[in-house]
Amino acid sequence: FSAEWKDLHREPFDLDIRTGPVPYPDLKVRRLLSLKPALFCTAEFISKYESPEHPEDIAHLPFIAQAGDRSQITCSKGTQIKTVAMQPKHTVQSVGLALELLLADQGVTTLVPQLARAFDKEGKLIQLLPDWDLAPIDINLTLPDNLPPRRIRLFVDHIAAHFQRL
């Protein structure tokens with residue numbers, strides 16, 4: 001993964017697997033998975049601040065932005081929808097680095113709960129605003145709109161089947 005989009009018509013790439021919306025309407029898009037992120041920080045970090053009870057309460061917290069993150073977070077709870085402008089303290093290109101900063105008590109970030117549990121061996125992480133849902137993140141496989149070679153079609157079918165089992 002990288003933050004840079006590849007030109008699948010001009011560059012020597014057969015496909016691209018990306019998170020988030022696909023900004024190019026001329027590509028074929030196959031959604032592989034939709035992830036539900038949540039806000040996390042460490043108990044040590046939040047002990048220095050007032051624990052948030054509402055989405056607006058997170059605006060003052062140092063935010064660890066990941067590549068592709070906007071500077072706002074949209075939360076929903078039933079019919080309520082709140083969008084909060086965030087002020088990134090750090091902007092990183094990888095989830096791994098975001099996790100390292102998170103575990104070093106450097107701020108709040110969005111993570112998929114399963115990933116947070118997998119990397120949090122010591123039980124340091126806590127989920128903020130657990131009653132609020134963040135907008136889902138789609139993982140998409142993109143292809144040029146022309147007919148790909150058989151080997152690519154087989155790979156796409158294989159990877160799509162794998163993601164459906166998750």
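- In terms of heavy-atom proximity, Arg153 sits nearest to Pro148 at NH1-O, 2.6 Å.
- Heavy atoms from other residues, nucleotides or ligands lying under 6.0 Å from CD of Gln80 number more than 12.
- A single hydrophobic cluster is not seen to contain both Ile81 and Leu134; linkage of ILVMFWY side chains at heavy-atom distances under 4.5 Å, directly or through other members, places them apart.
- The side-chain heavy atoms of Ile46 and Leu61, taken from C-beta on, include a pair separated by under 4.5 Å.
- Residue Thr74 holds its OG1 atom at 11.0 Å from CH2 of Trp132, rounded to the nearest 0.5 Å.
- Between Lys82 and Glu56, at least one side-chain nitrogen of the basic residue sits less than 4.0 Å from a carboxylate oxygen of the acidic one, meeting the salt-bridge criterion.
- At a threshold of 4.5 Å between non-hydrogen side-chain atoms, the residues Asn140 and Asp16 do not count as touching.
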Kindly indicate, with the supporting measurements, whether the criterion side chain to side chain contact (heavy atoms under 4.5 Å, CB included) is fulfilled by Gln127 and Leu125. CA-CA 7 Å; Gln127 183 177 341; Leu125 297 181; over 6 Å; no
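- When side chains are defined from C-beta on, Pro52 counts as touching Leu129, because their heavy atoms get closer than 4.5 Å.
- Residues Leu101 and Thr109 fail the side-chain proximity criterion, which asks for heavy atoms closer than 4.5 Å.
- When all heavy atoms of Arg31 and Ser34 are compared, the closest pair comes out as NH1-CB, 3.5 Å.
- Counting heavy-atom neighbours within 6.0 Å of Lys89 NZ, excluding the residue itself, gives a total above 12.
- Val108 places none of its side-chain heavy atoms less than 4.5 Å from the side chain of Ile58.
- One hydrophobic cluster holds both Tyr49 and Leu128 under the rule that ILVMFWY side chains link at heavy-atom gaps under 4.5 Å.
- Taking every heavy atom of both residues into account, Ile137 and Pro37 meet most closely at CD1-CG, 3.8 Å.
- The shortest heavy-atom contact between Leu15 and Phe155 is CD2-CD2, 3.7 Å.
- Here the straight-line distance linking atom NZ of Lys121 with atom CG of Leu103 works out to 11.0 Å at 0.5 Å rounding.
- With salt bridges taken as basic N to acidic carboxylate O contacts below 4.0 Å, none links Asp157 and Arg150.
- With rounding to the nearest 0.5 angstrom, the CD atom of Glu44 is 11.0 Å from the CD1 atom of Ile126.
- Within the model, atoms NE2 of His90 and CD of Glu100 stand 12.0 Å from one another, a figure rounded to the nearest 0.5 Å.
- In this structure, Leu102 and Gly107 approach most closely via the heavy-atom pair CD1-O, 3.3 Å.
- Nearest heavy atom pair, residue Asp105 against residue Phe45, reads O-CD1, 3.5 Å.
- Linking ILVMFWY side-chain heavy atoms closer than 4.5 Å, directly or via other members, places Leu154 and Leu143 in two distinct hydrophobic clusters.
- Using a 4.5 Å cut-off on side-chain heavy atoms (C-beta onward), Thr110 and Gln66 make contact.
- Cluster membership check: Phe163 shares its hydrophobic cluster with Ile17, using side-chain heavy-atom separations under 4.5 Å among Ile, Leu, Val, Met, Phe, Trp and Tyr.
- Asp14 has a carboxylate O that lies under 4.0 Å from a charged side-chain N of Arg151, or vice versa, which qualifies the two as a salt bridge.
- To the nearest 0.5 Å, atoms CG (Leu33) and CG (Leu141) are separated by 12.5 Å.
- No donor-acceptor distance shorter than 3.5 angstrom exists from the side chain of Lys36 to the backbone of Asp133, with no hydrogens or angles considered.
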Report the C-alpha separation of Thr42 and Asp120 in whole Å, then their side-chain angles, then the decisive distance to 0.1 Å, and conclude whether the side chain to side chain contact (heavy atoms under 4.5 Å, CB included) test is met. CA-CA 10 Å; Thr42 62; Asp120 185 22; over 6 Å; no
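- Residue Arg117 holds its CZ atom at 7.0 Å from CZ of Phe40, rounded to the nearest 0.5 Å.
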